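Input: a single structure, listed below in structure tokens.
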Amino acid sequence: MNAEVRPAVRLASSSVGVLAAMKGVFARDMRVAFRQRQDLLNPLLFFVMVVTLFPLGVSPEVSFLSEAGAGILWVAALLSVLLSLDHLFRHDFDDGTLEQLVLQPQPLFLLILAKTIAHWMLTGLPLVILTPVLGVMVHLDGNSIAILCLTLLIGTPVLSLIGAIGAALTLGLRSAGVLLSLLIIPLYIPVLIFGTGTVAAAAEGASVGAYLALMGAFLMLALTLAPFAAAAALKISLSNA
């Protein structure tokens with residue numbers, strides 16, 4: 001049996017608690033990701049390349065970049081997360097681990113939540129860490145960079161959670177990447193609007209409390225509903241595979 005399947009099999013055959021099962025899935029995903037460094041680095045390199053090349057292709061003027069910088073970084077982050085979603089369940093599907101997860105006694109939605117948290121730790125969080133450096137490159141001031149990092153810290157988990165639904169729905173389909181983009185991008189638009197709007201409001205000296213509260217509500221809603229939807233979509237995809 002494949003070595004990466006064994007942790008899932010052990011969880012299914014033993015009466016471990018839900019938290020222990022989630023920790024096992026999370027730890028396994030982290031180990032697998034660091035063994036496949038190319039999949040880990042591609043979204044980060046894409047993020048850096050988009051932000052770096054945008055001024056060369058549009059305008060290097062300081063006034064333009066300082067005004068559009070938050071939008072550039074948010075769009076680049078959104079596309080970077082989208083680029084990484086196809087691998088969220090793909091490797092587990094190929095090696096048989098996904099079927100083992102579905103058969104476990106623990107609730108599937110909690111195991112998917114653990115996988116999604118691991119995905120965010122490997123993709124979304126590094127984007128947030130890179131943002132201050134890239135924010136300086138597009139001439140954002142310190143306050144705008146701080147607010148931008150905060151919005152990304154709240155918004156990127158929402159992108160991963162919503163993306164898990166699309167990744168589960170398109171699992172095993174041909175041209176899954178194209179279908180995933182068509183399904184997920186419309187759902188990302190509210191997060192993108194409020195993420196960039198928060199930075200724009202901060203730059204104008206307005207209060208950003210309402211914007212951040214709405215983004216926090218998006219996060220709570222995604223945490224509550226997305227794992228259930230992804231679990232249901234995953235079962236449908238596996239039954240049709």
Side-chain angles (χ1 to χ4, degrees), residues 1-13 18 21-33 35-36 38-40 42-43 78-124 156-191 218-219 221-241:
M1 182 178 294
N2 190 303
E4 295 303 334
V5 181
R6 294 191 187 111
V9 175
R10 283 199 297 268
L11 287 177
S13 61
V18 173
M22 292 178 68
K23 286 174 62 178
V25 172
F26 175 84
R28 176 191 174 276
D29 278 15
M30 297 292 284
R31 289 196 304 270
V32 172
R35 291 173 187 170
Q36 299 167 342
Q38 182 177 354
D39 293 342
L40 188 62
N42 280 344
L78 186 152
L79 294 176
S80 299
V81 172
L82 187 63
L83 180 67
S84 67
L85 286 174
D86 188 53
H87 303 293
L88 181 56
F89 300 116
R90 177 71 57 188
H91 297 306
D92 290 345
F93 178 73
D94 292 338
D95 65 18
T97 304
L98 207 54
E99 286 83 355
Q100 297 295 326
L101 289 177
V102 173
L103 294 174
Q104 286 185 42
Q106 292 81 13
L108 179 60
F109 74 93
L110 291 177
L111 302 181
I112 289 178
L113 178 60
K115 289 182 68 66
T116 308
I117 293 172
H119 175 268
W120 176 76
M121 291 283 291
L122 294 164
T123 304
T156 48
V158 180
L159 301 182
S160 293
L161 287 162
I162 295 175
I165 303 173
L169 282 171
T170 58
L171 186 66
L173 299 178
R174 294 180 179 178
S175 303
V178 177
L179 292 173
L180 180 60
S181 301
L182 293 175
L183 285 172
I184 295 303
I185 286 180
L187 300 177
Y188 279 175
I189 290 176
V191 183
F218 286 151
L219 177 57
L221 190 64
L223 277 171
T224 304
L225 300 179
F228 290 99
L234 199 59
K235 289 179 180 179
I236 293 172
S237 296
L238 289 176
S239 65
N240 295 329

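The structure presented is a predicted model; accordingly, all values stated were derived computationally and were not measured.
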- [ ] Quick one: pull up CD1 in I112 and CG in L101 and give me the separation to the nearest 0.5 Å.
- [x] 8.5 Å

- [ ] Can you measure from CG (L103) to CD (Q100) and round to the nearest 0.5 angstrom?
- [x] 6.0 Å

Open item on the list: As a quick check of understanding, evaluate side chain to side chain contact (heavy atoms under 4.5 Å, CB included) for V102 and L111, giving each step before the final call.
Closed with: CA-CA 9 Å; V102 173; L111 302 181; over 6 Å; no

TODO: Could you tell me which residues satisfy side-chain contact (heavy atoms from CB on, under 4.5 Å) with L179, sequence neighbours excluded, listed by chain and number?
DONE: T170, L173

Task: Distance (rounded to the nearest 0.5 Å) between M121 CE and T123 OG1 - done: 11.0 Å

Task: Heavy-atom closest pair, residues I184 and G163 - done: CD1-CA, 4.2 Å

- [ ] Measure the shortest side-chain to side-chain distance between L238 and F93 over non-hydrogen atoms and say whether it is less than 4.5 angstrom.
- [x] yes

Open item on the list: Minimum heavy-atom separation for I165 and A229, please, with both atom names.
Closed with: CD1-CB, 3.8 Å

- [ ] Report the C-alpha separation of L113 and L161 in whole Å, then their side-chain angles, then the decisive distance to 0.1 Å, and conclude whether the side chain to side chain contact (heavy atoms under 4.5 Å, CB included) test is met.
- [x] CA-CA 8 Å; L113 178 60; L161 287 162; 4.0 Å; yes

Open item on the list: Ignoring hydrogens, what is the shortest heavy-atom contact between L159 and Y188? Give both atom names and the distance.
Closed with: O-OH, 2.5 Å

TODO: Mark yes or no for whether S237, through its side chain, and L234, through its backbone, hold a donor-acceptor pair below 3.5 Å.
DONE: no

- [ ] Measure the CZ-CG distance between R90 and L98 for me, rounded to the nearest 0.5 Å.
- [x] 10.5 Å

Task: Which atom of M22 lies closest to which atom of L110, heavy atoms considered - done: CE-O, 3.5 Å

Open item on the list: Tell me which pairs pass salt bridge (Lys or Arg N to Asp or Glu O under 4.0 Å) where either residue lies in residues 106-119, with sequence neighbours left out.
Closed with: D29-K115, D92-K115

Task: Distance (rounded to the nearest 0.5 Å) between T224 OG1 and L219 CG - done: 9.0 Å

Open item on the list: Quick one, P227 and T116 - any side-chain contact, counting heavy atoms below 4.5 Å?
Closed with: no

Open item on the list: Less than 4.5 Å apart, side chain to side chain, heavy atoms only: is that true for T97 and H91?
Closed with: no

Task: Euclidean distance, L225 CG relative to F109 CZ, rounded to 0.5 Å - done: 11.5 Å

- [ ] Specify the closest pair of heavy atoms between L85 and S160, including all atoms of both residues, with the distance to one decimal.
- [x] CD2-O, 4.4 Å

Task: Heavy-atom pair with the smallest gap, counting every atom of P43 and S80 - done: O-OG, 3.3 Å

